[in-house]
Amino acid sequence: MQLIKQFFYGDYDAMKVAGNPADAAATPSVATQEWPIWEVFVRSKQGLDHKHVGSLHAADAAMAIENARDVYTRRQEGISIWVVESKYIHATNPDEAESLYEPAADKVYRHPTFYELPIELKHI
Amino acid sequence: MSYTPEQQFQHKIDQEIKIEPKDWMPEKYRQTLIRQISQHAHSEVVGMLPEGNWISRAPSLKRKAILLAKVQDEAGHGLYLYSAAETLGITRDEMYHQLHTGKAKYSSIFNYPTLTWADMGAIGWLVDGAAIMNQVPLCRTSYGPYARAMVRVCKEESFHQRQGFEILLVLSQGTDEQKAMCQDAINRWWWPSVMMFGPADEASPHTQQSMQWKIKRFTNDELRQKFVDICAEQVKTLGMTLPDPDLKWNEEKGHYDFGAINWEEFWQVVAGNGPCNKERLATRQKAWNDGAWVRDAATAHAAKKAAKHLHKVA
Amino acid sequence: MNIYWNQQWPAHIQYALFLADNALILAQQHSKWCGKGPILEQDIALSNIALDYLGQARNFYQLAAEELNQLEGVQFYTEDSLAYHRTDRNFVNLLLTELEQPNWGHCVLKTFLYSSFASLVFQKLMHIQAGELTAIAEKSNKELAYHKRWSQDWVIRLGDGTAESNTIMQQALNQIWPYAGECFIPANFETVFWQNHPSFFHELEKEWMDYLQTIFTEATLQLPAKQAWQTGGKQGIHTEQMGYVLAEMQYLQRTYPNSVW
């Protein structure tokens, strides 16, 4: 069973041939003329994680960064930007979601509230 | 017993669980979304033109800056929406192709001309007002990327309507010529704005399925009534009137009654016979064609750079 | 009521107006491209740049208006009266800024030339103590740094990209280049303003030209052979284009005088 497949986020044609990215690369379509899609992640302020905010088209990484700045931070939404070309994003397969995430559901002992301790106990 | 994918899908929708790009979805759901989201995106992009028409003639530097920022926002909104549609397996190029060949529609309101500065106010107040009314429920639409795009759009959109109303407010307190300009713009934009909510429910072929899938949350007529109710009150602040002799508060219903909509005009404009259909489309086509050398050059340069880099690594 | 240029105004006010006029006219020309760019992302980028220039223009006009009101004991000058109530003979922007932008290459090249020139001027302004002018320069220079990088990247992309794009860019450069020299040929108010820095214009020309040459070389674009520079903007003697730019921009203010918008 293959749990991790390569998906081209947002590219349905590539999804259909997921599992064998070479096929996708070998079939040129209208899309080859288009600037590639990039996913944009923005850190809104110091101390927070970069968060996915959307995507855009750009011919190269430098342009993707500049475009991201112009498109996604027009209202001072961020102080740091990551961009990654969408085709390099690997994702889990939603069909396998049960086997991936449900096993964690019965491991309640991983959460601090699982343990009942005397109230007088402090700083724990 | 086991459920069919359709049943599971509808169950998720009923539970208000968002559908994400790689989840299973009925083909018809995907097609409906592509049609609706791309239409919405096209509306944003074509919608830049009537207002863009007045950026160079804005009557003060402040108004110029606001209008430019607003029209630029619309480009951003178009981009968010195209991105959302792209997650459904259509490229932006294909969507443009559909727009340029007339296969895809955009909101008919943008096929009306902007003739005076007051039109900037009327568009902000009425057209953006109607758009917001449509868009706010879409923030909870069932398809995740669309809902997220709409949250962003609505957040940015909030200043658009306010700046429009403020333009009209200033005109309504200005010289006689300005007041006349204000009333004239309201007269011309009112009915097209009322039509923005689309055909009446009984004539709207997609509404029922879209409601079941929670792509749409309210029917066209519900939203239209809400819009009329709000505007009928707001226009009083301007000391202006809405061009509808049948507009009257109905105590019993708790809503305003309003006059008959000219559906023939509506369908004529949808069919491509509005005042500016051809012009708007031609402008978009020209912009796209004129930009081809720029897009190609950037692609070629990126490829050369990548090749050089590979060469260096090797 | 028209405002007429007065050569007796203090040099720093004339200089502020010069910087304001440049920024306004460039913003005006750029903003005509809003909705017509080659791709959405770049449409947004050029509008952002236009908004930056518009903001700079407003800052400089507001400063000039305040000082002129004080100087003449009136309440007559505002950012809008300065922008909307002068004829082209009373505007002192560089000819470069008013040129038509028939294709994207012109948009990129004009941004490139102006932002790289202006950022050298603004950096110098940040070094001398010129009060409010320095404060505005500091803010504007951050924007200019971005315009410079954006346009520089695009000059290289389009110059180097395809044979077609190279041809278009070379033609655009040939058309625009004669207007570059005006940037470093000082007008009277500039000579007075920079009187404590007599070598400024010479240094500016050298540093700017070196930079431009580097980028154009990387973009495989040829600088046109040396020729006479087109000048006159700073003296209010503009190209024929300028009358149309202002006719459009000032149309409402001229048609409905004494109105509030």
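All chains are named by letter (A, B, ...) in the order of the sequence lines, taking the proteins before the strands, and each is independently numbered beginning at 1.
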I'd like to check the side-chain hydrogen bond (donor to acceptor under 3.5 Å, both in side chains) partners of B:Glu16; sequence neighbours left out, ordered by chain and number. B:Lys214, B:Arg217
State, to 0.1 Å, how close B:Lys22 and A:Thr92 come at their nearest heavy-atom pair, and which atoms those are. CE-O, 3.8 Å
For B:His11, does the NE2 atom sit with more than 12 other heavy atoms under 6.0 Å from it, leaving out its own atoms? no
Any donor-acceptor pair under 3.5 Å linking the side chain of B:Ser83 with the backbone of A:Ser55? yes
Sort by residue number and list every residue of residues 70-79 of chain A having at least one heavy atom under 4.5 Å from chain B. A:Val71, A:Tyr72, A:Arg74, A:Arg75, A:Glu77
I'd like to know whether B:Arg148 forms a side chain to side chain contact (heavy atoms under 4.5 Å, CB included) with A:His52, so could you lay out the CA-CA distance, the side-chain angles of the two residues, the decisive distance to 0.1 Å, and finally the verdict. CA-CA 11 Å; B:Arg148 290 192 287 275; A:His52 183 243; 5.9 Å; no
Tell me, please, which residues at least two apart from A:Ala58 pass side chain to side chain contact (heavy atoms under 4.5 Å, CB included). A:Trp38, A:Leu56, A:Met63, A:Ala64, A:Asn67
Segment of B:Arg92 engaging chain A (4.5 angstrom heavy-atom cut-off): both
Return the minimal non-hydrogen interatomic distance between A:Glu34 and B:Thr91, and the atom names on each side. OE1-CB, 3.3 Å
Quick check on the structure: residues of residues 283-298 of chain B within a heavy-atom distance below 4.5 Å of chain A, by number. B:Val294, B:Arg295, B:Ala298
